[in-house]
Amino acid sequence: MLRHLHTWFAMLLFLTFLAHMAAALYHGLKRRDGVLSGRLGRRRGGTGTSSAVAGSCRTAPRTRRTPMPRRAGLLLLPLWIACAPAAFAAAPPAAGTPACQVWQRELSFAQSVQRHDAAAFAEHVMADAIFDANTPQPTRGLAAVRQHWAAFIAGKTQRVDWYPQQVVTSGDGTLAYSSGAYLFENPAPGATPRYVAGRFATVWRRAGDGAWRVVFDGGDAGRPASDADVAAFHAGRRPDCPAAAGTR
């Protein structure tokens with residue numbers, strides 16, 4: 001809520017600045033009536049007589065204001081150019097779009113496994129979901145998926161982590177496709193390979209309560225990962241929905 005208020009306030013401030021700038025350029029470049037130069041305190045120097053009496057009790061005669069030169073008005077254009085991007089930059093990425101909602105949902109799905117939270121994991125999955133959808137023997141239904149993933153959620157004999165790198169949503173905002181990287185770890189002493197890195201793909205459906213849940217999930221067999229691969233995997237995680245990372 002506060003972020004949206006900040007965005008609208010920044011836009012209002014920018015529009016106010018833009019209106020004042022347009023008025024200044026109009027008076028300085030079109031009408032040349034000296035309004036802007038008067039605001040800036042610029043006056044033509046007084047005559048010799050006015051200078052002589054400047055030290056007396058009388059004030060010097062007011063001199064006619066000089067219209068603002070065209071060149072001075074043009075010098076203000078860089079200020080507008082510099083301020084405009086800053087005002088628009090206050091607007092955050094469209095975090096409320098379906099693509100960004102699924103991006104965050106994918107991250108929280110992975111976090112449920114990292115926290116060993118079976119209930120939170122199940123809350124991300126449709127009752128009729130199909131996992132290992134790209135294999136000859138897919139896992140069908142939430143109950144079977146929970147049983148199949150029990151060891152991963154416990155995290156004692158095998159561990160898995162993942163994050164999205166692309167999200168594409170349907171035109172009506174009810175279906176979404178996400179894909180990204182996963183990392184499997186076998187914590188057993190002397191396990192070979194210890195790490196396997198690969199790619200996953202997930203289809204999400206917006207449920208009746210408005211929450212996004214997995215309806216199809218699958219991935220490749222992966223390949224053994226080196227320590228450098230593991231480091232690259234962790235470095236590639238982006239917690240915020242990026243403005244330009246293939247989201248639609």
Side-chain angles (χ1 to χ4, degrees), residues 1-11 87-134 138-146 148-149 152-153 155 159-184 197-220 232-248:
M1 181 64 181
L2 291 177
R3 182 169 60 182
H4 290 297
L5 289 176
H6 178 270
T7 299
W8 284 109
F9 178 77
M11 293 298 297
F88 283 107
T97 62
C100 282
Q101 292 171 4
V102 173
W103 184 281
Q104 295 300 329
R105 190 68 166 162
E106 189 76 74
L107 290 175
S108 68
F109 189 30
Q111 289 168 1
S112 70
V113 176
Q114 304 310 308
R115 296 193 305 265
H116 315 295
D117 191 337
F121 174 88
E123 199 277 330
H124 287 77
V125 182
M126 282 286 188
D128 58 349
I130 299 177
F131 276 50
D132 300 321
N134 59 322
T139 305
R140 299 177 179 272
L142 177 57
V145 169
R146 294 186 65 171
H148 184 72
W149 274 73
F152 289 114
I153 297 172
R159 300 165 187 163
V160 66
D161 191 12
W162 71 93
Y163 53 78
Q165 293 176 313
Q166 182 190 35
V167 176
V168 181
T169 58
S170 62
D172 60 1
T174 60
L175 289 174
Y177 169 90
S178 66
S179 62
Y182 76 79
L183 182 68
F184 170 84
R199 304 281 304 173
F200 75 88
T202 305
V203 176
W204 296 79
R205 185 170 66 200
R206 191 192 293 273
D209 60 358
W212 289 93
R213 294 188 175 90
V214 178
V215 61
F216 291 103
D217 182 79
D220 61 21
F233 170 84
H234 291 299
R237 187 189 306 273
R238 302 190 64 171
D240 297 322
C241 177
T247 57
R248 298 291 186 269

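This structure is a prediction, so every number in the text was calculated from the model and none was measured. Atom set for the values below is all heavy atoms of this structure, side chains included, hydrogens, waters and symmetry mates excluded.
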* If you take all heavy atoms of Trp103 and Pro164, which pair is closest and at what distance? -> CH2-O, 3.4 Å
* To do: Flag the pair Asn134 / Phe216 as yes when at least one side-chain heavy-atom distance between them is below 4.5 Å, and no otherwise.
  => no
* Would a distance-only check, ignoring hydrogens and angles, find a side-chain to backbone donor-acceptor pair under 3.5 Å from Tyr182 to Asp220? -> yes
* Shortest non-hydrogen contact from Pro138 toward Ala133 -> CB-CA, 4.2 Å
* Where do Asp132 and His148 land on the side chain to side chain contact (heavy atoms under 4.5 Å, CB included) test, with the steps shown first? -> CA-CA 10 Å; Asp132 300 321; His148 184 72; 3.4 Å; yes
* Quick one: does His124's side chain have a donor or acceptor within less than 3.5 Å of a partner on Arg213's backbone? -> no
* **Shortest non-hydrogen separation from Ser170 to Asp172 and the atoms involved** => OG-OD1, 2.6 Å
* Asked: So, Arg159 side chain and Gly155 main chain: donor-acceptor pair closer than 3.5 Å or not?
  -> yes
* Is there a side-chain contact between Trp204 and Val167, using heavy atoms and a 4.5 Å cut-off? -> no
* **Side-chain heavy atoms of Arg237 within contact of Asp161, under 4.5 Å** => yes
* Would a distance-only check, ignoring hydrogens and angles, find a side-chain to backbone donor-acceptor pair under 3.5 Å from Gln166 to Gly180? -> no
* Asked: Do Thr202 and Phe109 have side-chain heavy atoms sitting under 4.5 Å apart?
  -> no
* Grab the two heavy atoms, one from Met126 and one from Leu142, that are nearest each other, plus how far apart they are. => O-CB, 3.9 Å
* Asked: Going from CH2 on Trp162 to CZ on Phe184, what distance comes out if it is rounded to the nearest 0.5 angstrom?
  -> 13.0 Å
* Asked: For Gly173, does its backbone N or O pair with a side-chain atom of Arg206 as donor and acceptor, under 3.5 Å?
  -> yes
* What heavy-atom pair brings Gln104 and Cys241 nearest, and what distance separates the two atoms? -> NE2-N, 3.5 Å
* To do: Among residues two or more places apart or on two chains, list those pairs meeting salt bridge (charged side-chain N to carboxylate O under 4.0 Å, His left out) that have a residue in residues 101-121.
  => Arg105-Glu123
* Compare every heavy atom of Ala176 with every heavy atom of Val102, then report the nearest pair and how far apart it is. => CG2-CB, 3.6 Å
* To do: Give a yes or no on whether the backbone of His234 and the side-chain of Tyr163 come within a donor-acceptor separation of less than 3.5 Å.
  => no
* How many angstroms lie between CZ in Arg205 and CG in Asp128, if you round to the nearest 0.5 Å? -> 5.0 Å
* Is the shortest heavy-atom distance from the side chain of Trp149 to the side chain of Phe131 under 4.5 Å? -> yes
